[in-house]
Number of protein chains: 2
Amino acid sequence: MKRDSRLSGVLHIVLHMARQDGPVTSEMLARQMDTNPVVIRRIMAGLRERGYVRSEKGRGGGWTLACDLSTVTLRDIYAALGNPSLLAIGNRTESPGCLLEQAVNSALGQAFQDAEALLLSRLGEVTLAMLGADVSRRLRAHGGSRKLEDIHAA
Amino acid sequence: MKRDSRLSGVLHIVLHMARQDGPVTSEMLARQMDTNPVVIRRIMAGLRERGYVRSEKGRGGGWTLACDLSTVTLRDIYAALGNPSLLAIGNRTESPGCLLEQAVNSALGQAFQDAEALLLSRLGEVTLAMLGADVSRRLRAHGGSRKLEDIHAA
DNA sequence: ACAAATTGCAACATATAAAGTTACATGAAG
DNA sequence: CTTCATGTAACTTTATATGTTGCAATTTGT
């Protein structure tokens with residue numbers, strides 16, 4: 001099944017914004033992410049509604065971070081995307097008339113819920129600030145003097 | 001995202017087969033599952049390859065169980081479907097050149113792996129026999145005398 | 001005032017995968 | 001030899017993420 005990579009994408013965007021002072025345009029972000037500006041705006045809309053970022057129109061406009069990175073978790077970002085479904089497999093029918101399918105749903109549903117809960121809990125343990133710190137660590141490992149732009153793939 | 005319900009479906013099929021002696025045709029299963037016989041054959045193919053079921057052509061043919069239900073787990077069935085991906089979300093790129101995306105992949109990837117491992121482990125704890133026992137329990141709760149056919153939705 | 005830059009958004013196109021359908025070959029039983 | 005069944009390929013449908021185009025709205029610089 002095709003995987004939804006919006007969470008991965010939006011986190012990448014946030015990290016780019018965090019390493020840039022002043023607004024970043026969708027155009028710039030799209031180049032760095034190798035995608036289309038409209039896609040950027042689309043996945044950022046949820047974050048704007050929640051106040052994690054601000055956007056400004058016109059010349060000199062663009063996106064800026066508007067939250068304390070140490071208080072926003074990956075789970076918050078996931079929620080800002082509208083809580084898309086986490087699992088690629090699921091029950092055939094939600095409220096089946098067939099008793100057999102009810103038994104199947106019950107067994108699978110429990111496993112599904114547990115896995116979803118674990119994943120959400122893990123996402124809730126990681127803040128954007130922690131992600132940012134990891135980036136700094138990786139930059140140092142790659143030779144502290146080099147700038148991100150030198151390393152970033154075209 | 002559209003969820004893959006083949007596991008749910010094939011378990012439903014197995015439970016139907018377990019409550020029927022003699023072969024069951026794809027046609028009958030399809031009616032009970034409200035789908036197409038070809039779909040049944042498709043998702044049963046993996047189980048046949050692993051020897052969990054047998055199929056026979058011609059008049060009087062159909063599907064029969066060919067395994068000890070107490071030794072086959074939901075995880076085995078899942079494997080027989082070809083281990084389809086469990087998660088609906090994932091990383092944008094698997095081996096990104098961008099350091100920022102590497103940091104994102106690292107954080108998300110760990111959470112993803114843990115959730116997948118938990119789900120697989122849960123599936124591995126439930127045998128087909130346990131599912132069958134749950135069906136019997138539900139049948140009793142619905143009034144022991146009634147047959148499955150009376151309860152099964154049309 | 002006007003031109004340029006930028007977001008906002010709707011509408012449409014593309015890609016991918018599950019699910020459903022059709023058609024026909026193969027084989028077994030009466 | 002007819003009928004019933006599976007096996008399978010090819011095609012259609014559906015759903016969803018992603019990509020693209022076009023244009024209105026808004027802000028800034030000249």
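Proteins come first, then strands; the chains are lettered A, B, ... in the order of their sequence lines, and each starts at number 1.
Nearest heavy-atom pair, Ala80(A) versus Leu47(A), reported as atom, atom and distance to 0.1 Å: CB-CD1, 3.9 Å.
Following rounding to the nearest Å, Leu81(B) (CG) and dA18(C) (P) show an atom-to-atom distance of 11 Å. The distance from atom CZ of Arg6(A) to atom P of dT16(D) is 11 Å, rounded to the nearest whole Å. dT20(D) atom P lies 14 Å from atom CE of Met33(A), rounded to whole Å. Rounded to whole angstrom, the span from the CG atom of Asn36(A) across to the C1' atom of dT6(C) amounts to 14 Å. One can place CD of Glu27(A) at 11 Å from C1' of dA5(C), the figure rounded to the nearest angstrom. Note: CZ (Arg59(B)) to P (dT2(D)) measures 13 Å, nearest angstrom. One interatomic measurement links the two molecules: CZ of Arg92(A) to C1' of dG20(C), which rounds to 13 Å at whole-angstrom precision.
Taking the screw axis at each terminus of the helix from dA1(C)-dT30(D) to dG30(C)-dC1(D) from five consecutive base pairs, the angle between the two is 10° to within rounding of 10 degrees.
The salt bridge (charged side-chain N to carboxylate O under 4.0 Å, His left out) search around Arg137(B) returns Asp134(B), not counting sequence neighbours.
Under 4.0 angstrom from either OP1 or OP2 of dA5(D) there lies no side-chain N or O belonging to Thr25(B). In this model, the phosphate group of dT7(C) is not approached by any side-chain N or O of Ser55(A) to a distance below 4.0 Å at OP1 or OP2. The shortest distance between the side-chain N/O atoms of Ser5(A) and the OP1/OP2 oxygens of dT18(D) is below 4.0 Å.
Within the nucleic acid shown, Gly60(B) has no heavy atom closer than 4.0 Å to any nucleic acid atom.
Mapping Trp63(A) and Val39(B) onto DNA chain C via the closest heavy atom, the residue that lands nearer the 5' end is Trp63(A).
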### Query
Along nucleotides 9-16 of chain C, 5' to 3', which nucleotides get a B, which get an S, and which get a -, given that the test is a protein heavy-atom distance under 4.0 Å?
BBB---BS
